[in-house]
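Notes for the one structure printed next.
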Amino acid sequence: MSRILITSAIPYINGIKHLGNLVGSQLPSDVYARYARARGHEVMHICATDEHGTPAELAAAKAGKPVAEYCAEMWAIQRDLAEGFGLAWDHFGRSSSQRNHALTQHFAGKLAEAGLIEEVTEKQVYSHTDGRFLPDRYIEGTCPNCGYDGARGDQCENCTKQLDPTDLINPRSAISGSTDLEVRETKHLYLRQSALAGDLEAWIDSKKDWPILTTSIARKWLKDGDGLQDRGITRDLDWGIPVKRGSEDWPGMEGKVFYVWFDAPIEYIAATAEWADANGLQDADWQRWWRTDKGAEEVKYVQFMGKDNVPFHTLSFPATIIGSGEPWKLVDYIKSFNYLNYQGGQFSTSKGRGVFMDQALEILSADYWRWWLLSNAPENNDAEFTWEVFQQGANKDLADVLGNFVSRITKFCRSKFGEAVPTGGTYGEAEEAVIADLQIRLATYEAHMESIEIRKAAAELRAIWVAGNEYLQSAAPWAVFKENPEQAAAITRFALNLAALYATLSEPFIPFASATLREALGSGAKWPESIAETANALPEGHPFTVPENLFTKITDEQREEWEERFAGTR
RNA sequence: GGGCCUGUAGCUCAACUGGUUAGAGCAGAGCGCUCAUAACGCUUUGGUUGGGGGUUCGAGUCCCUCCGGGCCUACCA
């Protein structure tokens, strides 16, 4: 048994996440964490909200609330939705926590000591009307290249030309529309990532088994143009972590905060400290996950994220860790995901396009979403959600293959033998063959889970479900019963034990249905050492109840209604 | 513009470092079963692997080129 630290990319605070966000990090990390726990590993599964930055301030302003209050409310909403989806992390933290304040300031101090922080005076656009500096993206105007009026300060969406805000003709604030702008000088801290480029490249090169999506993005940033660029790690904002050197003030940086991408990944560590605090534990209890001098050397650390997050996790955060000169844990494996598209376009938070977590739970229970999203996870390519494919997949896999298997065997048993595992008869060749087949499939399933091949694991799990229907069909206890009730009893007993096995094996993907099934059968959750031993896990005479149908089918009427309902914007 | 990924049956995807007649699931067709959520099982029809060229004894896999889709490009996060 080993110790596995698992983090999911932390969702931004400014709204409810859509299914694309969910399948890109939180859902696969949950499957992996549940699997690792089931196998008996000691697991720390961490997530949090990412709360700082301009969009959070704007969203709070739009909601008419102080930003701290807004974030607290949104954190609670996201926590509840995560619970609704069965996302079982050990702690769901907040990047605005005191723990993260202290750690972020600590890292900045260490980086400064190591000579990796540079102070740079630069010019930035300030909006008098908005009372704030504007990020390049929040400045709009006419593109000097193509004349498009909606060009942003970083790039023109129309002609794709890279721009500088001062290039724009008639620049205005994208927030208020105000043209009362001025260019001001402001001082910021830069992390000298360029000085660490060699270390980072060697480290990336040593990761032979990482997804190509992960390493190719990292290499692109390392090699492109002049190589890895230094990165500004401070901003002129109110909401954020005040810039300090450890616990000391930082002269000249008063009133500034750290950039959200500097403090967000540090929250993985801070959230683990928050976990210790919340559970009345000591610093040593979280440090054994994160400090290689305090036990974390033996920890396997796995991160889950969408591809847009990869540069920060392969380069910026490791630069912070390595640059600190302290023995912090570096990630061992980064699992990255492509995007899930919605009905031929993109999911979009800003445009309200697609299905959002709260809406998804309103219309169906979490397992439908978990199963379909995970068995179609965008691992090697962007994937596509359409209502028709979703309906087909969920109905076939969950209702017909798994749900109906449980239904047919429990109801058959009830009608012929009553609601207890029947006694009599013995297992023979047919059962041995199923055991042998499932033993191989189990090994394949475990191998896919361990290499975090989510789609393949799901396909193998489905094949394990199918084996139950195949067995029943060929063993035909309903026919055998007429001639040889003892033999029919053995067949039924074997099939009931398969159902119990399925409850255990399916738990990482569909925890709610798995729990329902375990409760109905009165079965345990212990991961099987061998299939043979599970064939009698439910002993003769063991009472059970027939569960409600685990999954009802999505009807054509429902599908059409939802297709209509979610066609526009929320 | 640059970089990366990608194009395989009607649909969604497989195919370890190039190696025998390119495989699954869904959808379609036929048969069977009647325990079950009109569910299940068996059989079966679908592919010049986007086009063209090249390397090789051998190419879905490597190279060139053309066509299509997607992402990233560092101050949204």
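Order of the sequence lines sets the chain letters (A, B, ...), proteins ahead of strands, with each chain counted from 1. This one's a predicted model, so the numbers in the text were calculated from it and none came from an experiment.
- Ring centroid separation for the pair Trp465(A) and Trp371(A) comes in under the 6.0 Å cut-off.
- Comparing A9(B) with G46(B), their C1' atoms sit 5 Å apart, to the nearest whole Å.
- Checked against a 6.0 Å centroid threshold, the rings of Trp261(A) and Phe317(A) do not count as neighbours.
- Within the structure, every side-chain polar atom (N or O) of Tyr471(A) is placed at least 4.0 Å from both OP1 and OP2 of G41(B).
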- Note on the structure: Per-residue pairing states of RNA chain B in dot-bracket (Watson-Crick or G-U under 3.5 Å; . unpaired, | other strand) read (((((((..((((.....[...)))).(((((.......))))).....(((((..]....))))))))))))....

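- The residue Pro55(A) sits close only to the backbone: its heavy atoms come under 4.0 Å of sugar-phosphate atoms, none of a base.
- Of the candidates U37(B), A74(B), C35(B), the closest approach to any side-chain atom of Asn549(A) belongs to U37(B).
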Below 3.5 Å is the cut-off: list the nitrogen or oxygen pairs between protein and nucleotides 38-40 of chain B, distance only.
from, atom 1, to, atom 2, distance (Å)
A39(B), OP1, Lys553(A), NZ, 3.2
A39(B), O5', Lys553(A), NZ, 2.9
A39(B), O2', Asn404(A), OD1, 3.4
A39(B), O2', Asn404(A), ND2, 2.5
C40(B), OP1, Lys396(A), NZ, 2.8
C40(B), OP2, Lys396(A), NZ, 3.4
C40(B), O2', Arg408(A), NH1, 2.9
C40(B), O2, Gln473(A), OE1, 3.0

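- Geometrically, Lys335(A) engages Phe337(A) in a cation-pi contact defined by less than 6.0 Å to the ring centre and at most 45° from the axis.
- Rounding to whole angstrom units, CD of residue Gln229(A) and P of U73(B) are separated by 14 Å.
- With A77(B), A36(B), A74(B) as the candidates, the nucleotide lying closest to the side chain of Leu228(A) is A74(B).
- The side-chain hydrogen bond (donor to acceptor under 3.5 Å, both in side chains) pairs that include a residue from residues 304-315 of chain A are Tyr268(A)-His313(A), Lys307(A)-Asn338(A), Lys307(A)-Asp382(A), where partners are two or more places apart or lie in different chains.
- For Tyr339(A) and Phe347(A), the ring centers sit 6.0 Å or farther from each other.
- Residue pairs meeting the salt bridge (Lys or Arg N to Asp or Glu O under 4.0 Å) criterion with at least one partner in residues 461-477 of chain A, sequence neighbours excluded, are Asp397(A)-Arg462(A).
- When the P atom is used for both C26(B) and U44(B), the distance is 15 Å, rounded to whole Å.
- For Thr186(A) and Lys256(A), the side-chain atoms include at least one donor-acceptor pair closer than 3.5 Å.
- Per the geometry, NZ belonging to Lys307(A) stands 11 Å off P belonging to U6(B), to the nearest Å.
- Asn338(A) has its CG atom 11 Å from the C1' atom of C4(B), to the nearest Å.
- Between Lys220(A) and the phosphate of A74(B), there is no side-chain N or O to OP1/OP2 separation shorter than 4.0 Å.
- Residue-level contact check: Ser216(A) touches the backbone only, with heavy atoms under 4.0 Å from sugar-phosphate atoms and none from bases.
- Among C26(B), C75(B), A74(B), the nucleotide with an atom closest to any side-chain atom of Pro135(A) is C75(B).
- The local environment of CD in Glu429(A) is sparse, with at most 12 non-hydrogen atoms from other residues, nucleotides or ligands closer than 6.0 Å.
- The six-membered or imidazole ring of Phe481(A) lies near that of Phe417(A), with a centre-to-centre distance under 6.0 Å.
- Each of Gly403(A) and Lys123(A) was assigned the nucleotide of RNA chain B with the nearest heavy atom; the assignment lying further toward the 5' end belongs to Gly403(A).
- Contact check for Arg219(A) versus Asp205(A): side-chain heavy atoms found under the 4.5 Å cut-off.
- When rounded to the nearest whole Å, the span between CD1 of Ile266(A) and P of A77(B) equals 16 Å.
- Each of Ala479(A) and Gln124(A) has a nearest nucleotide on RNA chain B; the 5'-most of these lies closest to Ala479(A).
- Rounded to whole Å, atom P of C5(B) lies 11 Å from atom CZ of Arg219(A).
- At a threshold of 4.0 angstrom between heavy atoms, the contacts of Phe551(A) include nucleobase atoms, whether or not backbone atoms are also involved.
- Across all strands, Asp50(A) comes closer than 4.0 Å only to sugar-phosphate atoms, never to a base (heavy-atom distances).
- Look at the C1' atom in both C31(B) and C63(B): the space between them is 50 Å, to the nearest Å.
- Phosphate contact (OP1/OP2 of C75(B), side-chain N/O of Arg152(A), threshold under 4.0 Å): absent.
- Distance check on atom P: A14(B) versus C57(B) gives 32 Å, rounded to whole Å.
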- Sugar-phosphate or base contact per nucleotide [nucleotides 8-17 of chain B; S, B, -; heavy atom under 4.0 Å]: ----SSSS--

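- Only the C1' atoms considered, A59(B) is 6 Å distant from G18(B), to the nearest whole Å.
- No contact: Ile409(A) has no heavy atom under 4.0 Å from any strand.
- Going from atom NZ of Lys416(A) over to atom P of U34(B) covers 12 Å, rounded to whole Å.
- The aromatic ring of Trp478(A) stacks onto the base of C35(B), its centre lying under 5.5 Å from the centre of the six-membered base ring with the two planes under 30° apart.
- The separation between Phe347(A) atom CZ and C71(B) atom P is 14 Å, rounded to whole Å.
- For the salt bridge (Lys or Arg N to Asp or Glu O under 4.0 Å) condition, the pairs that include at least one residue of residues 480-496 of chain A, sequence neighbours left out, are Arg493(A)-Glu540(A).
- For the ring pair (Phe, Tyr, Trp, His ring centres under 6.0 Å) criterion with Tyr342(A), the lone passing option out of Phe390(A), Phe356(A), Phe385(A) is Phe385(A).
- As judged by a 4.0 angstrom heavy-atom cut-off over every strand, Gly306(A) is placed among residues making no nucleic acid contact.
- Between the side chain of Glu122(A) and the base of C75(B) there is at least one donor-acceptor pair of N/O atoms closer than 3.5 Å.
- We find that CG of Leu398(A) is positioned 13 Å from P of C26(B), with the value rounded to whole Å.
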